[in-house]
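Report on the structure given below.
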Amino acid sequence: MAEPSARPDGGRAEGRLAVVAGPDQHGLGEKLAALGVEVRRIEGLVTAPKLEDAGVADAAYFVLTDVEEATGIPVAKELNPEVRVVTYASRSLPEFVATVADLAVDPDLLDAATVAEELLSDDGEP
């Protein structure tokens, strides 16, 4: 049985889009949304069909909070070479994807609000 689409609008994102995969217990997705970023979530395994359904091809950010799903990083980059991959997790990324991610942040070092603000400021946006 097919899973429900992560794209309830069925269309392209207006403005900046972040695809967030993982439990996001520190609330980075909520902080991005509060700053005007459209957030679409992936629950469970990060697969190409789920990334496609969530709109990663149009996303500015792919945020991964579960390094166990790190195999989704090269898939996201294949679907959208311009997507900025951010991991927000206490554990280090596996070596095979560490060089593919654009930014790796430990939640114990920077809070979610600061990370969200910095991501947007790096894009030249307020």
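This chain uses plain numbering: 1 for the first residue, then up along the sequence. Excluded from the calculations below are hydrogen atoms, water molecules and symmetry mates; all remaining heavy atoms, backbone and side chain alike, are included.
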Problem - Pairs involving residues 85-115, ordered by first then second residue, that meet ring pair (Phe, Tyr, Trp, His ring centres under 6.0 Å) (sequence neighbours left out) - result: His26-Tyr88
Practice task
Search all heavy atoms of Ala70 against all heavy atoms of Leu64 and return the closest pair with its distance.
Solution key: CA-CD2, 3.7 Å
Problem - Pairwise salt bridge (Lys or Arg N to Asp or Glu O under 4.0 Å) hits with a residue in residues 92-105, at least two apart - result: Lys77-Asp102
Fill in the blank from the handout: Between the CG atom in Asp106 and the CZ atom in Arg91, the distance rounded to the nearest 0.5 Å is 12.0 Å
Exercise for the section: List for me each residue that meets side chain to side chain donor-acceptor pair (under 3.5 Å) alongside Gln25, sequence neighbours excluded, and say none if there are none. Expected result: none
Problem - Partner residues of Glu78 under the side chain to side chain donor-acceptor pair (under 3.5 Å) criterion, sequence neighbours left out - result: none
Handout entry: Worked check of side-chain contact (heavy atoms from CB on, under 4.5 Å) between Val19 and Val63
Key = CA-CA 6 Å; Val19 174; Val63 178; over 6 Å; no
Exercise for the section: For Ser90 and Pro107, work out which heavy atoms get closest and say how close. Expected result: N-CD, 3.6 Å
Fill in the blank from the handout: Heavy-atom closest pair (Ala101 atom, Leu93 atom, distance to 0.1 Å) is CB-CD1, 3.6 Å
Completion exercise
Pro74 meets the side-chain contact (heavy atoms from CB on, under 4.5 Å) criterion, sequence neighbours left out, with Val97
Problem - Thr114: partners by side chain to side chain donor-acceptor pair (under 3.5 Å), with sequence neighbours left out - result: Asp111
Exercise for the section: Measure the CG-CD1 distance between Asp53 and Ile42 for me, rounded to the nearest 0.5 Å. Expected result: 8.5 Å
Practice task
Determine, using the 4.5 Å side-chain heavy-atom cutoff (strictly less than), whether Leu45 and Val56 are members of one ILVMFWY cluster.
Solution key: no
Practice task
Can you see which heavy atom on Leu17 is nearest to which on Gly55, and at what distance?
Solution key: CD2-O, 3.4 Å
Fill in the blank from the handout: Separation between CZ (Phe62) and CG (Leu51), nearest 0.5 Å, reads 5.0 Å
Exercise for the section: Could you tell me the separation between the CD atom of Glu69 and the NZ atom of Lys50, rounded to the nearest 0.5 Å? Expected result: 8.0 Å
Practice task
Quick one: which residue pairs count as a salt bridge (Lys or Arg N to Asp or Glu O under 4.0 Å) with a foot in residues 17-32, not counting sequence neighbours?
Solution key: Asp24-Arg41, Glu30-Arg41
Practice task
Could you tell me whether the side chain of Val85 reaches within less than 4.5 Å of the side chain of Val83, counting heavy atoms only?
Solution key: yes
Exercise for the section: With sequence neighbours excluded, tell me which residues meet side chain to side chain donor-acceptor pair (under 3.5 Å) with Asn80. Expected result: none
Completion exercise
Looking only at heavy atoms, the pair that brings Arg16 and Leu35 closest together is NH2-O, 4.0 Å
Practice task
Taking all heavy atoms of Leu79 and all of Ala48, pick out the closest pair and write down the distance.
Solution key: CD1-O, 4.1 Å
Exercise for the section: Would you kindly confirm whether Leu110 and Val20 end up in one hydrophobic cluster when ILVMFWY residues are joined by side chain heavy atoms under 4.5 Å apart? Expected result: yes
Fill in the blank from the handout: CG (Asp66) and OG1 (Thr87) are apart, to the nearest 0.5 Å, by 11.0 Å
Problem - Flag side-chain contact, heavy atom, 4.5 Å: Tyr61 against Leu119 - result: yes
Problem - Minimum side-chain heavy-atom gap Leu103-Val105 below 4.5 Å - result: yes
Exercise for the section: May I ask you to test the Leu28-Thr65 pair for a side-chain heavy-atom distance under 4.5 Å? Expected result: no
Handout entry: Leu32 CG to Glu117 CD distance, which is reported to the nearest 0.5 Å
Key = 10.0 Å
